[in-house]
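No hydrogens, no waters, no symmetry mates; every other heavy atom, side chains included, goes into these values.
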Amino acid sequence: MRATVGTVLITLAATVALSGCADDVSSENGGSNTGGDGVRGGSNAAAVAYKITEREEVGAVRNVLVQVDSDDRLPAVFDAVKAELTEEAVYVVGIECTTGGDEYDRRLANGRYVVGAAGSAEAGLPAGTTEYQAAGGKCPA
C-alpha cells in the first residue's frame, strides 16, 4: 500500500497525541534492546543523551517518540536512533524536549526513515530514504 503525505501526517499527529498517555516503554541512550520490534536506545558519541519513550506499530509504520534534555545536535540524535531501526518498516520519529508546555511546544524535530522492502512498499519510497526536519523548538523550554 502506498502511503500519502496525508497518511504520514496523520500518523505523526497520532504519535504526538498519544505521547501523553503512553506507558514508559523506553530505553536509555546506550541501553540494551527493549524488545523484538527493532527499536532501542542507541549510543553515539556525537548525540546528546536521549530516551525512547513511546513505540507504536500500525501496520508497516513504526511511530517512535524520543525525548532529550537539550536541543544540541538533534540530527545526531536522529541518526543514533535511526541506526537502531532494523525491522522492515517506515519509522516516523518525533524528538521532543523533556520539559516545557504541551507536546506541540516540546517538539524539536521530526523524521522518517524507510527500512527494507516492506517499508518501501508502505512509504512508496526507496529503502534507505531519510527525511529530517527541525521543528524550531528550544530545549530546555
Side-chain angles (χ1 to χ4, degrees), residues 1-139 141:
M1 178 168 100
R2 185 179 177 119
T4 65
V5 172
T7 302
V8 172
L9 292 176
I10 290 169
T11 302
L12 186 56
T15 300
V16 170
L18 294 174
S19 66
C21 61
D23 292 332
D24 185 4
V25 291
S26 63
S27 65
E28 295 292 335
N29 181 7
S32 61
N33 192 350
T34 60
D37 65 355
V39 179
R40 57 182 164 182
S43 61
N44 182 329
V48 297
Y50 64 87
K51 183 177 182 181
I52 296 174
T53 58
E54 180 180 330
R55 297 172 298 162
E56 179 186 29
E57 181 177 328
V58 180
V61 177
R62 307 292 184 269
N63 297 306
V64 180
L65 185 63
V66 179
Q67 291 188 336
V68 295
D69 292 326
S70 169
D71 57 8
D72 291 335
R73 300 184 303 274
L74 292 175
V77 171
F78 178 74
D79 288 343
V81 171
K82 185 178 83 170
E84 301 297 332
L85 307 177
T86 59
E87 182 180 350
E88 289 194 11
V90 177
Y91 292 89
V92 179
V93 179
I95 302 174
E96 66 179 33
C97 186
T98 57
T99 63
D102 62 26
E103 63 266 18
Y104 301 104
D105 294 334
R106 292 189 307 258
R107 186 53 57 107
L108 301 171
N110 298 302
R112 185 166 69 151
Y113 180 52
V114 179
V115 178
S120 180
E122 178 68 29
L125 298 167
T129 298
T130 299
E131 299 173 349
Y132 172 86
Q133 182 175 10
K138 295 294 179 192
C139 187

The side chain to side chain contact (heavy atoms under 4.5 Å, CB included) partner of Val48 among Asp69, Asp71, Val77 is Val77
Shortest non-hydrogen pair, Ala89 vs Arg62, comes out as CB-CG, 3.6 Å
Are the side chains of Arg112 and Val90 in touch, meaning some heavy atoms are under 4.5 Å apart?
yes
I'd like to know if the side chain of Glu88 and the backbone of Ala118 have a donor-acceptor N/O pair within less than 3.5 Å.
yes
Closest heavy-atom pair, Pro126 versus Thr129, reported as atoms and distance to 0.1 Å, is O-OG1, 2.6 Å
Roughly how far, to the nearest 0.5 Å, is OG1 of Thr98 from OH of Tyr50?
15.5 Å
For Val114 and Gly119 the tightest heavy-atom approach is CG1-C, 3.4 Å
What heavy-atom pair brings Cys139 and Ser70 nearest, and what distance separates the two atoms?
SG-N, 3.6 Å
Could you state the interatomic distance from CZ (Arg107) to CD (Glu96), rounded to the nearest 0.5 Å?
5.5 Å
Apply the side chain to side chain contact (heavy atoms under 4.5 Å, CB included) test between Tyr91 and each candidate in Val61, Val81, Thr130, Leu85; give the one that qualifies.
Leu85
Can you tell me how far apart CG (Leu65) and CD (Glu54) are? Round to the nearest 0.5 Å.
5.5 Å
Sub-3.5 Å donor-acceptor pair from the side chain of Ser120 to the main-chain atoms of Leu125, do we have one?
yes
Would Leu74 and Tyr132 satisfy side-chain contact (heavy atoms from CB on, under 4.5 Å), going step by step from the backbone distance to the final call?
CA-CA 10 Å; Leu74 292 175; Tyr132 172 86; 3.2 Å; yes
Distance col, row Gln133:CD vs Phe78:CZ, nearest 0.5 angstrom, shows 11.5 Å
For the CD1 atom of Ile52 and the CD atom of Gln67, what is their distance to the nearest 0.5 Å?
11.5 Å
